[in-house]
Amino acid sequence: MTFADLHQPGNPLVLPNAWDYGSATFLAARGYPAIGTTSLGVSAVHGKPDAAGATKAETLDLVELLKGLPAYLTVDIENGFGDDPAAVADLVDVLADMGVAGVNLEDGRADGTLRPIAEQTRILEAITGRGVFVNARTDALWLGTGDDTFERVRAYSATGADGIFVPGAGDLGTIEKLVESTPLPLNVLYGLPVEQLAGVGVARVSTGSLLYRAALQGALAVLEKDAALPTYAEVVELLPQP
């Protein structure tokens with residue numbers, strides 16, 4: 001079974017996201033067939049801002065460590081670590097040569113805006129057909145600018161991408177409409193029960209930064225009773241700013 005075959009609408013791949021060698025190898029040892037990386041976790045480990053294009057080298061270093069992982073590896077490359085389609089394609093080629101099965105490319109930018117649709121589609125078109133599963137992510141709902149979410153989903157679906165990822169879609173009605181709006185397998189963030197997501201046709205459920213934040217909560221729980229799960233924003237606020 002290929003990595004793409006794991007994306008089955010109605011029987012979604014639950015993708016745990018790791019942030020270092022230890023977390024990835026632990027998850028693989030538990031039998032998960034595919035592991036993703038989380039940009040927040042990688043950024044936090046190295047003391048750099050998330051989603052700011054600051055961790056290209058660190059991401060490649062992590063992939064080098066994980067090349068022998070007994071699971072498919074899909075890599076969060078933020079928005080490509082740059083705006084030049086050729087440069088992003090070169091990065092994907094490097095990752096493909098390292099044995100990576102997939103990449104996740106988002107349209108969000110460090111300043112909280114979205115890359116224009118035409119620019120994002122050019123990059124997506126440049127990186128498809130290179131032997132890796134391209135998960136085209138739109139942050140329109142995630143960043144609260146969701147008026148053109150469906151326009152972006154339709155545009156990205158036509159680029160040759162292999163999947164669509166819409167973090168921030170938190171209710172079943174919206175998620176079902178997203179499934180219906182694209183011929184590609186839909187990926188959402190872990191939140192609602194997986195059985196409910198399966199029922200509306202979701203094909204992949206990613207944990208994103210959740211496991212990293214849960215690890216922080218677990219560490220704090222050793223020291224403090226009733227430690228709360230930190231939010232994504234709370235962790236980002238502690239990191240250096242772009």
Side-chain angles (χ1 to χ4, degrees), residues 1-19 27 32-41 50-51 71-80 92 95 100-108 114-115 120-121 123-124 127-128 132-143 146 148-212 232:
M1 179 175 285
T2 68
F3 180 60
D5 291 337
L6 295 174
H7 296 72
Q8 300 176 14
N11 182 27
L13 167 68
V14 176
L15 183 76
N17 294 80
W19 57 92
L27 291 164
Y32 287 93
I35 309 294
T37 65
T38 164
S39 67
L40 176 65
D50 184 33
Y72 291 114
L73 180 65
T74 181
V75 179
D76 185 346
I77 58 171
E78 297 186 1
N79 67 5
V92 171
L95 292 169
V100 164
V103 295
N104 190 76
L105 182 79
E106 65 198 44
D107 55 11
L114 297 175
R115 184 181 273 146
Q120 186 72 1
T121 54
I123 295 174
L124 286 167
I127 69 173
T128 57
V132 299
F133 185 104
V134 175
N135 203 33
R137 167 177 160 171
T138 177
D139 284 348
L141 292 177
W142 182 255
L143 296 176
D148 62 353
T149 298
F150 288 91
E151 180 184 0
R152 287 177 178 272
V153 167
R154 288 189 291 269
Y156 301 168
S157 298
T159 63
D162 302 286
I164 295 292
F165 183 18
V166 188
D171 66 89
L172 284 176
T174 298
I175 292 170
E176 186 170 21
K177 290 178 182 177
L178 287 166
V179 169
E180 294 169 350
S181 72
T182 176
L184 303 182
L186 182 72
N187 180 188
V188 298
L189 278 179
Y190 190 92
L192 295 171
V194 173
E195 295 78 10
Q196 292 184 17
L197 296 172
V200 296
V202 169
R204 173 163 149 185
V205 182
S206 297
T207 60
S209 68
L210 176 61
L211 299 186
Y212 175 72
Y232 173 86

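The aromatic rings of W19 and Y212 sit perpendicular to each other, their planes meeting at more than 60°, with 30° as the lower class boundary.
Counting only distance, with no hydrogens or angles, the side chain of R115 and the backbone of N79 share a donor-acceptor pair below 3.5 Å. Looking at D107, its side chain does come within 3.5 Å of a backbone N or O of D139 through a donor-acceptor pair. T207 places a side-chain N or O within 3.5 Å of a backbone atom of N17 that can act as its donor or acceptor partner. One N or O on the side chain of Q120 and one on the backbone of E106 form a donor-acceptor pair closer than 3.5 Å.
Contact check for T74 versus N135: no side-chain heavy atoms found under the 4.5 Å cut-off. For the pair V188/L197, a side-chain contact is recorded, criterion being any heavy-atom separation below 4.5 Å from C-beta on. Using a 4.5 Å cut-off on side-chain heavy atoms (C-beta onward), L13 and P33 make contact. Put simply, the side chain of V134 does not reach to within 4.5 Å of the side chain of V92, judged on heavy atoms. Between P185 and R204 the shortest side-chain heavy-atom distance does not fall below 4.5 Å. Side-chain contact check for L105 versus I77: some heavy-atom pair is nearer than 4.5 Å. With a 4.5 Å cut-off on side-chain heavy atoms, Q196 and V202 do not count as touching. Side-chain contact check for V166 versus W142: every heavy-atom pair is 4.5 Å or farther apart.
Across L184 and S157, no two heavy atoms sit closer than the pair CD1-CA, 3.7 Å. Of all the heavy atoms in S39 and D50, the pair that sits closest is OG-OD1, 2.7 Å. Annotation for L40 and S209: closest pair CD2-CB, 3.4 Å, computed over non-hydrogen atoms. Taking each heavy atom of A34 and L6 in turn, the nearest pair found is CB-CD1, 4.2 Å. Scanning both residues, A18 and L27, for their nearest heavy atoms gives CB-CD1, 4.2 Å. Residues L178 and T149 approach most closely at CD2-CG2, 4.0 Å, considering heavy atoms.
For the atom pair D148 CG and R154 CZ, the distance stands at 10.0 Å (nearest 0.5 Å). To the nearest 0.5 Å, atoms CD (E176) and OG1 (T174) are separated by 10.0 Å. Here the CG-CD distance, from N104 to E78, works out to 10.5 Å after rounding to the nearest 0.5 Å. Rounding to the nearest 0.5 Å places CD1 of I164 at 8.5 Å from OG1 of T138.
Atom OH of Y190 has 12 or fewer heavy atoms from other residues, nucleotides or ligands within 6.0 Å. Annotation for Y32: atom OH does not count as buried by contact number, only 12 or fewer foreign heavy atoms lying within 6.0 Å.
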Any chance you could lay out the side chain to side chain contact (heavy atoms under 4.5 Å, CB included) test for T121 and Y156, step after step, and finish with the verdict? CA-CA 6 Å; T121 54; Y156 301 168; 3.9 Å; yes
Side chain to side chain contact (heavy atoms under 4.5 Å, CB included), that's the test. Do Y232 and L210 meet it? Break it down for me. CA-CA 8 Å; Y232 173 86; L210 176 61; over 6 Å; no
